[in-house]
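Worth knowing before you read on, the calculation uses all heavy atoms, side chains too, and leaves out hydrogens, waters and symmetry mates. We name chains A, B, ... by the order of the sequence lines, and we start the count at 1 in each one. The structure presented is a predicted model; accordingly, all values stated were derived computationally and were not measured.
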Amino acid sequence: MQAVVAALVAAGALPAAIDRSRVLVEPPRDPSHGDLATNAAMVLAKDAGRKPRDLAEEIAAKLRADDWVAKVDIAGPGFINLTLKPQVWRAALGAAVAAGPDYAHGTAGGPPVNVEYVSANPTGPMHVGHCRGAVFGDALANLLAFAGRPVTREYYINDAGAQVDVLARSAFLRYREALGEDIGPIPEGLYPGDYLVPVGQALAEKFGAALRQQPESAWLAEVRQIAIDMMMGMIRDDLAALNVRHDVFFSERSLIEGAEGAKTGDQVGATIATLRAEGKVYEGRLPPPKGAPPEDWEDREQTLFRATDFGDDIDRPLKKSDGSYTYFASDIAYHKNKVARGFDDLIDVWGADHGGYIKRMQAAVKAVSDGRAALDVKIVQLVKLLRAGQPVKMSKRAGDFVTLREVVDEVGKDAVRFMMLYRKNDAVLDFDLAKVIEQSRDNPVFYVQYGHARGQSIFRNAREVLPDLPEDPKDWAARAALLAGASLDRLDDPGELALMRAVAQFPRLVEAAAVAHEPHRIAFYLYDLASAFHGQYTRGGKDSPHLRFIIQDDPQLTLARLALVQGVITVLSVGLGLLGVEAPDEMR
RNA sequence: GCGCUCGUAGCUCAGCUGGAUAGAGCAUCAGACUUCGAAUCUGAGGGUCGGCGGUUCGAAUCCGUCCGAGCGCGCCA
């Protein structure tokens, strides 16, 4: 397209200085308009001082000369619709089959990117509320990595706040219990969950009765660390059950107290000092919050980050009244640490309740990187857990919540992952435990997986016609070698062409989804592809047996159609892989 | 009071970053099983894209303003 515009400029039909940036070429929404559409004539007409339709005629004439173009139409206010020759799609299918698992790989490279997700407090097992962010972050990281960017997956362990001291005290109580003491009901303010019982037992085994009569100051740090380590072990197991993984588990405490060996010292204090030297931190006063002022509001001089200089609405405090750092202060130091490790591109995945935090964190990232680094915060909205349309009630009793593990055990990780991604991340999501195990079109997980299984089933059956087919469904290379000899010219049914187009579109889709940080686009695309495939499959029914994939007396045609099936299941398999969902060879 | 997010078919949601007659699934109605897996498919009806203005060749999409929902608003993380 650009070449055509250039030619027109050269021919004097268009001014040389014309702005081409708005010229787009993309598949139209309505397939009956052709394979590609461009707005070039409309966009360029004004600057050129020409009527859009006249200009369109001129451009169309050039396009008709192209080898790949079968048809050019001008429609509406000046759209130019291109229909490509089937050879284009056949070539794309051939490429997909040949590339196998690498199809669409590396479509959108770029600098290293750091994705932080989950970062649940290490005070207990993961609950359902965590799983959406976990799945989203993991799939986004998969997507970026597959698109060709070096990705680091990170978990920030909030092991420095007051809540881990509560954890330590709760664990200590279980320790006394493990030593045979009757501890009665768990006091208000401590974590009551049974998951702390093993921690108490571990403490009892390690220390015997040694800690029992000691004051809190003597045992707090050690008990805390053991409890945190055990909680993180549980969390990692929970994440593993969801097929979520991280490369780096980063401790907040290590920022404040220094990493092992204490070489790094207090990075939070150092960060504040640096910012202060740059004039980005000052001592000052804040106005009380509007609306409902807190009872204990106290107007005092405090250490503030000049967030308003970087786009935030108000400057933000860095120290509590007792002199310790606010969570925000250590978060600044943490993000500065990420920048120092070479990441100029940061992505954080947060829950909806942290929405009010985005501006200040983006301001902080700008401040600590001199504007070089950018932070994109993806908010995942609430998940409403249902069973057959009815809300799953969580008991109000503290410590009694639905754990992530319970949900995964009930419906499986594939269903959880797919459904979490079958929605935009910033829209609330209903998750119905009854529906996701249904085996019907109403359940997208099943529907897409069934598409893959059905494709593999065709290969199993096709061995009657083509005995040379490799038996192993996972041996894509052997299949690709055989299918390379297929005469793809035999694929000329409109349904087949539509499937080829869909397969050809996948690399573009991966690129767009990666750039937009939107893994849900993959899920929707896969559903559409599965739908087109199921449709073509059923078309080869009683009325049109000649459209069946396997034609008994025509091995060559069968081979060509198997190449199409292989293209489809390649994309289904790669796409499901990005989402972290299995692509089964058969449904059971 | 302020900020962020959202508002699309009866229900649950897409809409490729400004394109053509706004699309799927469920539900409703009408059809297709001596089949490579009917666990599927084909078709029909159903819409002031929350309202009103603006920007332009063109708006569900961008801007303004109302209405409605959710989340947040020193020393919780």
Side-chain angles (χ1 to χ4, degrees), chain A residues 22 24 26-30 33 37 39 42-43 45-46 52 75-79 81 119 121 123 158 160-164 252 286-292 294 296-298 300 302 304 312-314 316-317 319-328 330-331 351-359 379 381-382 422-424 426-430 432 435 438-444 446-447 450 453-454 457-462 464-465 505 508-509 512-513 515-516 518 520-521 524-525 527-528 531 534-543 545 548-552 558 561 565 586-587:
Chain A
R22 291 170 59 219
L24 294 176
E26 52 189 7
R29 280 184 193 167
D30 184 344
H33 291 136
N39 58 357
M42 289 179 291
V43 171
K46 197 172 187 183
F79 284 100
N81 292 328
S119 300
N121 291 338
T123 54
N158 298 132
Q163 85 285 352
V164 284
E252 178 186 6
L286 278 182
K290 301 277 190 331
D296 57 348
W297 173 262
E298 155 199 8
R300 67 177 178 90
Q302 53 187 342
L304 297 172
D312 199 3
D313 306 313
I314 195 166
R316 305 291 180 177
K319 284 188 179 179
K320 304 177 193 172
S321 52
D322 66 0
S324 62
Y325 300 123
T326 60
Y327 180 76
F328 181 50
S330 46
D331 232 355
D353 52 343
H354 289 57
Y357 213 75
I358 299 176
K359 274 192 189 176
I379 291 291
Q381 268 290 353
L382 226 59
Y422 195 63
R423 193 112 318 177
K424 268 185 310 198
D426 50 9
V428 292
L429 182 150
D430 290 341
D432 195 316
K435 184 156 285 184
E438 227 172 72
Q439 300 202 333
S440 75
R441 178 161 199 169
D442 196 17
N443 175 7
F446 167 78
Y447 188 74
Y450 178 42
R454 198 172 221 186
S457 149
I458 293 172
F459 270 89
R460 286 193 291 273
N461 288 302
E464 292 174 20
V465 181
Q505 200 198 335
R508 275 186 61 127
L509 184 95
V515 169
E518 291 185 345
H520 78 270
R521 293 194 198 181
F524 281 98
Y525 165 86
Y527 184 86
D528 288 343
S531 178
H534 286 309
Q536 185 64 13
Y537 181 98
T538 309
R539 222 160 279 137
K542 190 175 65 175
D543 297 338
R548 294 164 64 133
F549 291 106
I550 298 173
I551 304 295
Q552 295 297 334
T558 302
R561 288 184 175 165
V565 174
E586 54 188 327
M587 306 299 285

Just to confirm, is there a sub-4.0 Å distance from OP1 or OP2 of B:A77 to any side-chain nitrogen or oxygen of A:Lys320?
-> yes
Rounded to whole angstrom units, what separation is found between the OH atom of A:Tyr527 and the P atom of B:A14?
-> 14 Å
Verify the contact: side-chain N or O of A:Arg521 to OP1 or OP2 of B:C16, cut-off strictly under 4.0 Å; return yes or no.
-> no
Rounded to whole angstrom units, what separation is found between the CG atom of A:Leu429 and the P atom of B:U5?
-> 20 Å
Name the pairing partner of B:G31, where a pair is Watson-Crick or G-U wobble with both distances under 3.5 Å, or state none.
-> B:C41
Just checking A:Arg508: base, sugar-phosphate only, or nothing, at a heavy-atom cut-off of under 4.0 Å?
-> nothing
From A:Arg423 atom CZ to A:His520 atom NE2, the distance as rounded to the nearest 0.5 Å = 10.0 Å
Measure the acute angle between the ring planes of A:Phe524 and A:Tyr422, then classify it against the limits of 30° and 60° as parallel, tilted or perpendicular.
-> parallel
Indicate yes or no: at least one non-hydrogen side-chain atom of A:Asn158 is less than 4.5 angstrom from one of A:Tyr327.
-> yes
Using purine N1 to pyrimidine N3 plus N6-O4 or O6-N4 for Watson-Crick, or N1-O2 and O6-N3 for G-U wobble, both under 3.5 Å, which nucleotide pairs with B:U61?
-> none
Can you tell me the pairing partner of B:C73 across any strand shown, Watson-Crick or G-U wobble, with both distances under 3.5 angstrom?
-> B:G1
Whole Å only: how far is the OH atom of A:Tyr422 from the C1' atom of B:G15?
-> 13 Å
Does A:Met42 or A:Ala427 map to a spot on RNA chain B nearer the 5' end, using the closest nucleotide for each?
-> A:Ala427
From the list B:G74, B:A77, B:A14, which nucleotide is the closest neighbour of the side chain of A:Gln302?
-> B:G74
Look at the side-chain N and O atoms of A:His520 and state whether any lies under 4.0 Å from the OP1 or OP2 oxygen of B:C16.
-> no
Decide whether A:Ser324 and A:Asp322 meet the rule of one side-chain donor and one side-chain acceptor closer than 3.5 Å.
-> yes
If you measure from the P atom in B:G15 to the same atom in B:U34, how many Å do you get, rounded?
-> 40 Å
Take atom P in B:A60 and the same atom in B:U55, then report the distance between them in whole Å.
-> 16 Å
What is the nucleic acid contact for A:Ser457, judged by heavy atoms within less than 4.0 Å: base, sugar-phosphate only, or nothing?
-> base
Is the base of B:U8 syn or anti, where syn means the angle lies within 90° of 0?
-> anti
Just name whichever nucleotide pairs with B:A9, Watson-Crick or G-U, keeping both distances under 3.5 Å, else none.
-> none
A:Tyr525 has an atom OH; how far is it from atom C1' of B:C16, in whole Å?
-> 13 Å
Looking at every strand, decide which applies to A:Gly535 at a 4.0 Å heavy-atom threshold: base, sugar-phosphate, or nothing.
-> sugar-phosphate
Touch check for A:Ala37, heavy atoms < 4.0 angstrom, all strands: base, sugar-phosphate only, or nothing?
-> base
Nearest of B:G3, B:C6, B:U40 to any side-chain atom of A:Asp426?
-> B:C6
Nearest-neighbour nucleotide for the A:Ser321 side chain, B:G3, B:G19, B:C75 considered | B:C75
If you measure from the C1' atom in B:A69 to the same atom in B:A30, how many Å do you get, rounded?
-> 39 Å
Hey, can you tell me if A:His354 and A:Tyr357 have their rings parallel, tilted or perpendicular (30° and 60° cut-offs)?
-> perpendicular
Can you find a donor-acceptor N/O pair under 3.5 angstrom joining the side chain of A:His354 to the base of B:A77?
-> yes
Distance check: side-chain N/O of A:Tyr537 vs OP1/OP2 of B:A38, anything under 4.0 Å?
-> yes
Taking only the side-chain heavy atoms of A:Asn39 (C-beta and beyond), determine which of B:G3, B:G19, B:C75 contains the nearest atom.
-> B:G19
Residue pair A:Arg539 / A:Gln536, side-chain donor-acceptor N/O under 3.5 Å | yes
Base, sugar-phosphate alone, or nothing: which one does A:Asn81 contact when heavy atoms must sit under 4.0 Å apart?
-> base
To the nearest Å, how far apart are A:Asp312 CG and B:C4 P?
-> 11 Å
May I ask you to evaluate whether A:Lys435 reaches the phosphate of B:U12, defined as a side-chain N or O under 4.0 Å from OP1 or OP2?
-> no
At under 4.0 Å between heavy atoms, what does A:Ala462 touch on the DNA or RNA strands: base, sugar-phosphate, or nothing?
-> nothing
Smallest separation among heavy atoms of A:Arg548 and A:Arg561, with atom names | O-NH1, 2.7 Å
Within the structure shown, what part of the strands sits under 4.0 Å from A:Lys319 by heavy-atom distance: base, sugar-phosphate, or nothing?
-> nothing
Options B:C13, B:A77, B:G19, nucleotide nearest the side-chain atoms of A:Asp430 | B:C13
B:C11 and B:C57, which share atom name P, separated by this distance in whole Å = 38 Å
Given B:C36, B:C75, B:A20, which nucleotide is nearest the side-chain atoms of A:Ile550?
-> B:C36
Has the side chain of A:Asp331 got a donor or acceptor that lies under 3.5 Å from a partner of the other kind on the base of B:A77?
-> no
Please work out if A:Arg548 contacts a base, only the sugar-phosphate, or nothing of the nucleic acid, heavy-atom cut-off 4.0 Å.
-> base
Whole-Å distance between B:G3 P and A:Ile314 CD1?
-> 13 Å
What does B:G47 pair with, Watson-Crick or G-U, if both distances are under 3.5 Å?
-> none
Could you let me know what B:A20 is paired to, Watson-Crick or G-U wobble, both distances under 3.5 Å, or none if it's on its own?
-> none
Rounded to whole angstroms, how far apart are CG on A:Leu286 and C1' on B:C2?
-> 15 Å
A:Thr538 side chain, from C-beta outward: closest of B:U40, B:G15, B:G25 = B:U40
Would you mind reading off the distance between A:Ile379 atom CD1 and B:C4 atom P, rounded to a whole angstrom?
-> 13 Å
Out of B:A77, B:U40, B:C41, whichever nucleotide has its closest atom nearest the side chain of A:Tyr450 = B:U40
Nearest listed nucleotide, side chain of A:Tyr357, among B:A77, B:G3, B:A38 | B:A77
Considering only side-chain heavy atoms of A:Phe524, which listed nucleotide, B:C41, B:A14, B:G19, is closest?
-> B:A14
